[in-house]
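Single-structure report; data block below.
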Amino acid sequence: MTSLTTLSIREALVELSAGRISSLELTQAYLDRIAKLDPKIKAYLTFTPDLAMKQAKAADEKRKKARDKTALPPLLGIPLAVKDVLAIQDLRCTCGSRILENYYPPFSATTVQRLLDAGVVILGKTNMDEFAMGSSTENSAYFTTHNPWNLTRVPGGSSGGSAAAVVAQLAPAALGSDTGGSVRQPASFCGVTGIKPTYGRCSRYGLIAYGSSLDTVGVFGRDARDVALLYEIMAGADPFDATSMEIPVPHVDFSQNPDLSGIRVGVPQEYFIEGIQPEVEKAIRTAILQMKSMGASVHAISLPHTKYALPVYYLIAPAEASANLARYDGIRFGLSENEGNLLSLFKNSRGNGFGSEVKRRIMLGTYALSAGYYDAYYGQAQKVRTLIKQDFEKAFEHVDVIATPVAPTTAFKIGEHSNDPLAMYLEDVFTLPINLAGVPAIAIPVGFDSENLPIGIQLLGSHFREDQLFKIAHAYQLTTEWHKKTPDL
Ligand code: GLN
């Protein structure tokens, strides 16, 4: 058999249930590969081999003892990596920040808990931009993750560690979070499949808050089917998150028939702008033609308020972040440094605990929320956000999905945007509007540029129609090979 780390989750489950492999063997294969390759990729912030082996052993025993094999948990013995923004009980959770360097949450995020109940084995926590603020993992307080396709390039961010881990086969799948593009952009830069669910579809309980009206928990995997498998387990209402919705999660029909007839694909003119790397545009247009050849109809559409999304996002996200990050006061948890008085406790803990991008956002957000400016900035941004959301609602009266590039470029060089926050913010110009509207989106690989760096397309659906995105992505992947490409490591 080829190496165990090349198996998709579905393939691994077949082998596990036939008794041809054990979870211990599968987990060991990943642990060995991580030990060998992660020193150069640096996808993991915390590596948990002991926990993984313990969980794998328990999974094997459970499988062996079960009388009714059909009643076993659906992901029993499958390894998983988790972005360090999601709490796992008693496991260090830094959120990429010094301020949480020694934080051990006393509880697990609902999404993680549901997957643990389904039988997953935790390989470790993956690297990320501090508090999920960034597009490259360069804002991690610990180190930068390297893109497995080219180690001099960023893997994208903020969930760069998760995306790099999946494409480098250091995990079969990984969890991430997406507030403005943090699942889709790294998925695109690393050439893997990633879903950002509808806001309210997956519980945010145990997800360290960044912008609470934008934050979502997402999944990276080798293909749409693997991603859907995890997503269906994570999704659904949770009493611990009042914004999670009681809307049934439809099971996706993954028929082997790549027929897209009846599907209307919208192509918004505002997403094919000057400045987009020509090879990116070409690959996206080719993928859209491919969908057309599979029966879909293609329609030019307009999302007229798109140009406001970037400034609106960079008011709303920092405003919410400044409020959310107020809790790191050096008293209850996280870094605590003081010179014997309260003011120095706040100043030293926050001053030394937060990195410069986080401080920039806290200052921007605090300003936007301050008395006298609130209406002009935050209030106004919320009004424009409604217009952006309405653009999508109107578009979805005429089309089923919308296809756009994920990012204007392929993976940029490490250090290329480090001193230019605006250039970094522009990398998310196509992903931010989707979080403002709250709709779901999937990123899938559709090609490579001349430097052999992956290109991703973004398919957007109307609220709670992730099933349609999975179906189309799967149909595309049945007829193409891009998602099967892996870097030489
Ligand atoms: N890059 C965007 C930001 O820095 C989005 C990050 C995210 O989705 N968490 O805010």
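Just so you know, ligand 1 is whichever comes first in the structure, and atom 1 is the first atom listed for that ligand. Heavy-atom basis, side chains included; hydrogens, waters and symmetry copies ignored. Along the sequence shown, residues are numbered consecutively beginning with 1.
Ion pair Asp467/Arg465 flagged as a salt bridge, since at least one NZ, NE, NH1 or NH2 atom sits closer than 4.0 Å to an Asp/Glu carboxylate oxygen.
Phe354 does not carry Lys359 over the face of its six-membered ring by the limits of under 6.0 Å from the centre and within 45° of the normal. A cation-pi arrangement, defined by a distance under 6.0 Å to the six-membered ring centre and an angle within 45 degrees of its axis, is present between Arg285 and Phe272.
Within 4.0 Å of ligand 1, contacts by protein heavy atoms are made from Ala132, Met133, Gly134, Ser135, Ser158, Asp178, Thr179, Gly180, Gly181, Ser182, Tyr210, Tyr313, Tyr314, Arg361, Asp428.
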Could you pull out all donor-acceptor pairs under 3.5 Å where a side-chain atom in residues 166-174 meets a protein atom, sequence neighbours excluded?
from   : atom 1 : to   : atom 2 : distance (Å)
Gln169 : OE1    : Thr5 : OG1    : 3.3

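Sorted by first and then second residue, the ring pair (Phe, Tyr, Trp, His ring centres under 6.0 Å) pairs with a member in residues 168-199 read Phe189-Phe412; sequence neighbours excluded. Sorted by first and then second residue, the pairs that involve residues 90-101 and meet salt bridge (Lys or Arg N to Asp or Glu O under 4.0 Å), not counting sequence neighbours, are Arg98-Glu101.
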